[in-house]
Every structure is written in C-alpha cells, then in structure tokens.
Amino acid sequence: MIDKLEMFIALAKEEHFGRAAARLGITQPSLSAGIKQLEEQLGVQLVFRGSRYGGLTPEGQTALDWARRIVSDTRQLREEMRATRHGLSGQLRIAVIPTALTWAARLSSRFAEKHPNVRFTLLSRTSVEILSMLENLDIDAGLSYLDNEPMGRVSSVPLYGETYMLVCNDASPFATRDQVGWDELDGQKLCLLTPDMQNRRIINGNLASAGITPQAMVESNSTVALVAHVVSGDWFTVLPGDIARFLAGGKPLRLIPLTTPDASQAQGHAVGLIAPYREPHTPVLAALLDEARRISEVKGRLRS
C-alpha cells in the first residue's frame with residue numbers, strides 16, 4: 001500500500017504517467033498497474049484516464065491529502081526506529097532561496113558537527129518552489145522568506161532579517177559613498193535576479209516606493225552571475241548583505257548600504273527555516289529546528 005501511495009503522489013505531482021514512472025525508476029506499465037490496484041483497494045476511481053493523464057477525480061484529490069499524510073507518517077516511523085537503534089543518521093533534503101545559501105551552509109555545518117552521520121542535500125530554489133516541494137514531500141525543510149508570501153501550515157524558525165547592499169565596481173562613482181538611496185539607481189545598468197525570485201519582487205517594491213520603474217538590463221537566477229557582471233564592467237546589482245559579503249570577498253568591489261524607503265522595513269524581511277507542520281517531527285528534523293533556534297538566539301543576544 002505504501003509503495004502504491006508513493007506512486008499516486010508522484011503521478012499527482014508530475015501529471016504524466018511517463019514522467020512519474022521515470023521519477024520513481026519504474027516502468028510506465030508498472031505505474032499504471034499500481035494505480036489501478038490502489039483504486040481497487042480503495043474502491044474509488046482516483047484518476048481520470050483517456051489517451052493520457054486527465055487529472056485527479058474529486059475522490060483522488062481527497063485521497064492525495066491522505067496519501068501525503070500516510071507516507072509522511074511512514075517515513076517518520078522509519079526515522080524514529082533508526083534513531084532509536086543508531087542515533088541520528090540519514091539524509092536531510094533542504095531547498096534554499098539563493099540569497100540564503102550562506103546561511104544554509106552555516107546551519108548544516110553546525111548541525112554536522114553534532115550529528116556527523118546525517119548527510120545533507122542543499123538545493124537552490126525559489127520561495128514558491130520550496131513551498132510546493134514541502135507539500136509534495138520532495139524536501140524535508142526549506143530556508144525561505146517568512147513574511148512576504150502565504151506560508152500555509154508550516155513550522156518556522158526566524159534566522160535573520162534581510163537588508164540590502166548596492167554592489168558596484170570599485171571604480172564606480174558610488175564607490176566612496178557611505179550609503180545610497182534607492183532613487184539613485186534610476187537609469188543605472190542593473191543586473192538583478194529573475195522576477196520569479198521573491199528577492200527580486202522585494203527589490204522591485206523598494207524601487208517602486210522610490211518612484212522608479214523597476215528595470216534590469218541583465219536578469220539571472222544565479223547570484224554568482226550577477227556579481228560576475230559587476231566585476232567585469234560598469235554594472236550594479238543589489239543583494240542582501242550576507243551573500244553580498246561572501247561573493248565580493250577578494251574582488252574589486254564595494255558594498256554600500258541602501259537606505260530603505262519604507263521605515264517599517266528597516267530590520268529587513270525575515271528569513272528562516274521552515275518545515276511541514278506536525279508534532280512530533282522526525283528526530284533528525286526536530287534536531288535541525290532546535291539548531292536553528294540556537295543560532296537565532298545567539299544572533300539575538302549579539303544584536304542586543
């Protein structure tokens with residue numbers, strides 16, 4: 001039954017029998033047979049079929065919620081038993097917004113010092129993708145914004161507030177400045193993250209508040225590509241302070257604080273660890289949330 005529920009979840013995610021089968025590493029006939037057997041066991045039709053996948057029936061939509069819960073509970077049971085016998089081990093899959101990758105490294109390194117048998121997979125994704133991946137059980141946790149998009153039912157631990165720096169070449173007229181206003185970016189050669197990134201939407205909002213129509217000559221989903229443009233010419237980019245300092249290290253660049261047009265955002269947008277809401281969490285995930293809380297508490301004491 002668990003294997004069939006995993007097949008059903010994969011099919012609902014991929015919306016295509018061939019892609020779902022490839023995702024699971026099985027043949028398409030095996031997937032079709034598994035879904036058919038699941039329908040027979042439950043006594044309802046779960047999937048509309050024609051010459052191709054036609055979506056979930058109303059009963060299928062209800063069954064999908066149950067399937068996710070049952071599969072998640074099964075994974076938790078396995079984790080509990082493994083922790084009882086061998087201590088914390090296994091793999092944590094974490095999706096991270098690009099601007100928080102340095103914080104992901106900080107969290108995973110701290111955690112690995114205490115639990116060396118736990119392996120990490122870190123993926124760079126948009127905030128929307130992170131929420132979808134949590135819902136589909138594709139990841140165990142995420143590092144994302146906490147206050148700018150509907151989060152749904154998740155556990156969260158705030159880690160830091162995101163504030164912004166102008167990144168420019170050290171030959172730029174701005175290079176000697178202590179701060180720069182958002183309105184001064186009007187007409188400059190900007191390279192920014194792509195519009196599907198929540199960071200870009202925040203930056204667009206700040207530019208709009210300063211009376212500027214947000215425009216970028218170059219867009220990329222890679223912060224490395226943005227900084228490379230600034231190094232190579234008279235480009236400018238805007239990045240959160242932590243990732244900006246990391247990427248600018250050893251390069252002929254200047255980082256200049258941007259004055260926030262909205263005083264209510266002086267502390268920056270909150271970024272933190274999120275995980276599916278459930279009690280209890282798996283032992284590994286509970287330990288990760290605890291480690292995030294410790295990092296947050298230390299940062300709070302340093303700030304005060």
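Below, each value reflects all heavy atoms present in this structure, side chains not excepted, and no hydrogens, waters or symmetry copies.
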Side-chain touch Ile35/Met7, heavy atoms, less than 4.5 angstrom: yes

Verify, without hydrogens or angle tests, whether Arg201 (side chain) and Asp196 (backbone) share a donor-acceptor contact under 3.5 angstrom. yes

Side-chain contact test, heavy atoms from C-beta onward, threshold under 4.5 Å: evaluate it for Val224 versus Leu247 and give yes or no. yes

Any side-chain heavy-atom pair from Thr99 and Glu162 closer than 4.5 angstrom? yes

What class does the angle between the rings of Phe111 and Phe120 fall in, given that below 30° is parallel, 30 to 60° is tilted and above 60° is perpendicular? perpendicular

Just checking Phe174 against Phe236, ring centres under 6.0 Å apart? yes

Has the side chain of Ser209 got a donor or acceptor atom that lies under 3.5 Å from a matching backbone atom of Gly205? yes

Please confirm whether the backbone N or O of Pro58 pairs with a side-chain atom of Gln61, one donor and one acceptor, at under 3.5 Å? no

Is it true that Tyr53 and Glu14 share a donor-acceptor pair across their side chains at a distance under 3.5 Å? no

Take Lys251 and Asp170 through the test salt bridge (Lys or Arg N to Asp or Glu O under 4.0 Å) and record every step on the way to the result. CA-CA 9 Å; Lys251 300 179 180 65; Asp170 60 7; over 6 Å; no

Would you please say whether a donor-acceptor pair under 3.5 Å links the side chains of Glu129 and Thr126? yes

With a sphere of 6.0 Å drawn around CE of Met217, does it hold more than 12 non-hydrogen atoms of other residues, nucleotides or ligands? no

Sub-3.5 Å donor-acceptor pair from the side chain of Ser296 to the main-chain atoms of Pro158, do we have one? yes

Residue from Val238, Leu258, Thr237 passing side chain to side chain contact (heavy atoms under 4.5 Å, CB included) with Ile203: Val238

Are Glu39 and Arg49 close enough, and set up right, to give a salt bridge (Lys or Arg N to Asp or Glu O under 4.0 Å), and what steps lead you there? CA-CA 13 Å; Glu39 290 177 323; Arg49 293 178 181 81; 2.9 Å; yes

Met1 and Thr74, any side-chain heavy atoms less than 4.5 Å apart: no

Ionic contact status for Arg93 with Asp138, cut-off 4.0 Å: no

Quickly, which of Thr163, Leu146, Ile202 forms a side chain to side chain contact (heavy atoms under 4.5 Å, CB included) with His269? Name it, please. Ile202

Arg125 side chain near Val96 side chain, heavy-atom distance below 4.5 Å: no

How about Glu291 and His115: do any of their side-chain heavy atoms sit closer than 4.5 Å? no

Considering only heavy atoms from C-beta outward, does the side chain of Leu288 approach that of Leu273 to under 4.5 Å? yes

Qualifying residue for side chain to side chain contact (heavy atoms under 4.5 Å, CB included) with Leu239, from Leu255, Leu166, Val230, Val227: Val227

Output, in order, the C-alpha distance, side-chain angles, deciding distance and verdict of side chain to side chain contact (heavy atoms under 4.5 Å, CB included) for Lys36 and Glu40. CA-CA 6 Å; Lys36 186 66 175 177; Glu40 291 171 355; 3.9 Å; yes

Side-chain donor-acceptor contact under 3.5 Å, Asn169 with Arg254: no

Non-hydrogen atoms of Ala21 and Leu31 that approach each other most closely: N-CD2, 3.7 Å

Arg68/Glu135 under side chain to side chain contact (heavy atoms under 4.5 Å, CB included): CA gap, chis, key distance, verdict: CA-CA 8 Å; Arg68 286 170 173 160; Glu135 183 180 27; 3.4 Å; yes

Using modelled atom types and a 3.5 Å cut-off, is there a donor and acceptor pairing between side-chain atoms of His16 and backbone atoms of Gly18? yes

Go through the steps to decide whether Leu92 and Ile139 satisfy the test side chain to side chain contact (heavy atoms under 4.5 Å, CB included), and finish with yes or no. CA-CA 8 Å; Leu92 275 170; Ile139 55 173; over 6 Å; no

Can you check whether Cys168's main-chain N or O pairs, donor with acceptor, with Ser172's side chain at less than 3.5 Å? no

For the residue pair Thr102 and Asp242, confirm or rule out a side-chain donor-acceptor distance under 3.5 Å. yes

Would a 4.5 Å heavy-atom cut-off, applied to side chains only, mark Val47 and Leu56 as touching? yes

Are Ser220 and Leu193 close enough, and set up right, to give a side chain to side chain contact (heavy atoms under 4.5 Å, CB included), and what steps lead you there? CA-CA 5 Å; Ser220 174; Leu193 288 171; 5.8 Å; no

